[in-house]
Amino acid sequence: MEMDTAQKRVREIQKGLLLWYPWKEKESVLYIGKVTDSLGELFMVRKLELSCVSPEKYLKLETEKKFDHLVLIETLEHNKIPGPFLEKAKLLLKPEGHLFLGMNNRFGLRYFCGDRDLYTGRNFDGIENYKRA
């Protein structure tokens, strides 16, 4: 099934989250997501050595390989105890590696532009600490 123009635009906006970074060909990236995601597509276009894993499999990942970059988008906020995700990142990154965290936050600009809160489905819920939820 082919994407419509609006879907393509949304994917391009999502890529903008990391498009600014000066990626270098052949750098290794561990992305918590799918190769078919918009960011997976970005990494492939930049000719990076891409490894993808689901959040569930990330913590169980056993590898001696160390990565230049680790990308966790919308992952930490879905876990009540995010510490193990960060501890795992330390084990998987090269000493000079970079950790990219993308999170939905309750004070984000998206909500002031009329977007609904991802967790409650209502506008402007988050900055009130979910009083109405």
Side-chain angles (χ1 to χ4, degrees):
M1 183 167 82
E2 188 164 326
M3 280 188 275
D4 65 21
T5 304
Q7 289 172 317
K8 288 178 184 176
R9 285 184 184 148
V10 168
R11 287 180 67 84
E12 290 304 310
I13 290 170
Q14 291 169 337
K15 289 177 192 175
L17 182 64
L18 294 175
L19 195 59
W20 58 270
Y21 187 75
W23 303 98
K24 296 180 182 129
E25 275 190 36
K26 305 288 186 200
E27 286 182 317
S28 59
V29 175
L30 176 60
Y31 171 51
I32 311 309
K34 300 175 186 169
V35 72
T36 56
D37 293 346
S38 59
L39 289 178
E41 186 178 292
L42 169 68
F43 300 141
M44 295 302 289
V45 167
R46 297 292 177 156
K47 298 182 180 160
L48 302 171
E49 288 182 21
L50 178 61
S51 298
C52 296
V53 66
S54 69
E56 299 78 27
K57 292 183 180 178
Y58 168 73
L59 288 176
K60 298 173 187 164
L61 184 64
E62 296 292 329
T63 181
E64 295 296 317
K65 183 175 181 171
K66 301 287 184 186
F67 295 89
D68 295 305
H69 307 286
L70 176 56
V71 181
L72 292 161
I73 306 295
E74 292 185 359
T75 303
L76 289 183
E77 67 267 34
H78 291 286
N79 293 280
K80 291 184 181 186
I81 305 172
F85 277 82
L86 298 173
E87 290 168 7
K88 188 69 169 186
K90 187 175 181 181
L91 295 173
L92 293 170
L93 278 172
K94 292 179 179 178
E96 67 281 358
H98 295 97
L99 174 62
F100 292 89
L101 298 173
M103 294 179 240
N104 292 307
N105 70 73
R106 296 180 297 159
F107 305 106
L109 179 61
R110 68 190 289 171
Y111 302 113
F112 291 98
C113 294
D115 200 3
R116 293 185 181 274
D117 186 282
L118 292 174
Y119 306 103
T120 65
R122 295 191 288 233
N123 292 44
F124 297 110
D125 252 359
I127 60 175
E128 295 175 357
N129 207 20
Y130 299 114
K131 286 184 204 175
R132 298 178 300 185

Contacts of type salt bridge (charged side-chain N to carboxylate O under 4.0 Å, His left out), residue Lys66, not counting sequence neighbours: none
Nearest-0.5 Å distance that lies between atom CD in Glu74 and atom CE in Met103: 11.0 Å
Flag side-chain contact, heavy atom, 4.5 Å: Gln14 against Arg11: yes
Criterion ring-ring contact (aromatic ring centres under 6.0 Å, His included) on His69 and Phe43, from CA distance to verdict: CA-CA 11 Å; His69 307 286; Phe43 300 141; 8.5 Å; no
Spacing of CG belonging to Leu30 relative to OG1 belonging to Thr63, to within rounding of 0.5 Å: 9.0 Å
Side chains of Leu42 and Leu48 in contact at under 4.5 Å (non-hydrogen atoms): no
Atom CG of Leu91 with >12 non-hydrogen neighbours under 6.0 angstrom: yes
Neighbour count >12 (heavy atoms, 6.0 Å) for atom NZ, Lys65: yes
Atom pair NZ/NZ of Lys47 and Lys26 - distance to nearest 0.5 Å: 8.0 Å
Test item: Leu17 and Phe100 side chains (from C-beta on) under 4.5 Å apart, heavy atoms: no
Residue pair Tyr31 / Asp37, side-chain heavy-atom distance below 4.5 Å: yes
From CA spacing to verdict: side chain to side chain contact (heavy atoms under 4.5 Å, CB included), Leu70, Ile32: CA-CA 8 Å; Leu70 176 56; Ile32 311 309; 4.2 Å; yes
pair Leu59-Glu87: side-chain heavy atoms closer than 4.5 Å: no
Side chain to side chain, Lys34 and Cys52, heavy atoms closer than 4.5 Å: no
Single-linkage hydrophobic cluster, 4.5 Å side-chain cutoff, Ile73 and Leu50 together: yes
Intermediate values then yes/no, side chain to side chain contact (heavy atoms under 4.5 Å, CB included), Thr36 and Met44: CA-CA 10 Å; Thr36 56; Met44 295 302 289; over 6 Å; no
Heavy-atom closest pair, residues Leu76 and Pro82: CD2-CB, 3.7 Å
Full working for side chain to side chain contact (heavy atoms under 4.5 Å, CB included) between Glu27 and His98: CA-CA 11 Å; Glu27 286 182 317; His98 295 97; over 6 Å; no
Point-to-point distance, once rounded to the nearest 0.5 Å, from CG of Leu93 to NZ of Lys88: 12.0 Å
Trace of the salt bridge (Lys or Arg N to Asp or Glu O under 4.0 Å) decision for Arg9 with Glu12: CA-CA 5 Å; Arg9 285 184 184 148; Glu12 290 304 310; over 6 Å; no
Single-linkage hydrophobic cluster Tyr58~Val35, side-chain heavy atoms < 4.5 angstrom: no
Distance, nearest 0.5 Å, that separates CG of Leu39 from CG of Leu19: 9.5 Å
Close side-chain approach of Phe67 and Val29, heavy atoms under 4.5 Å: no
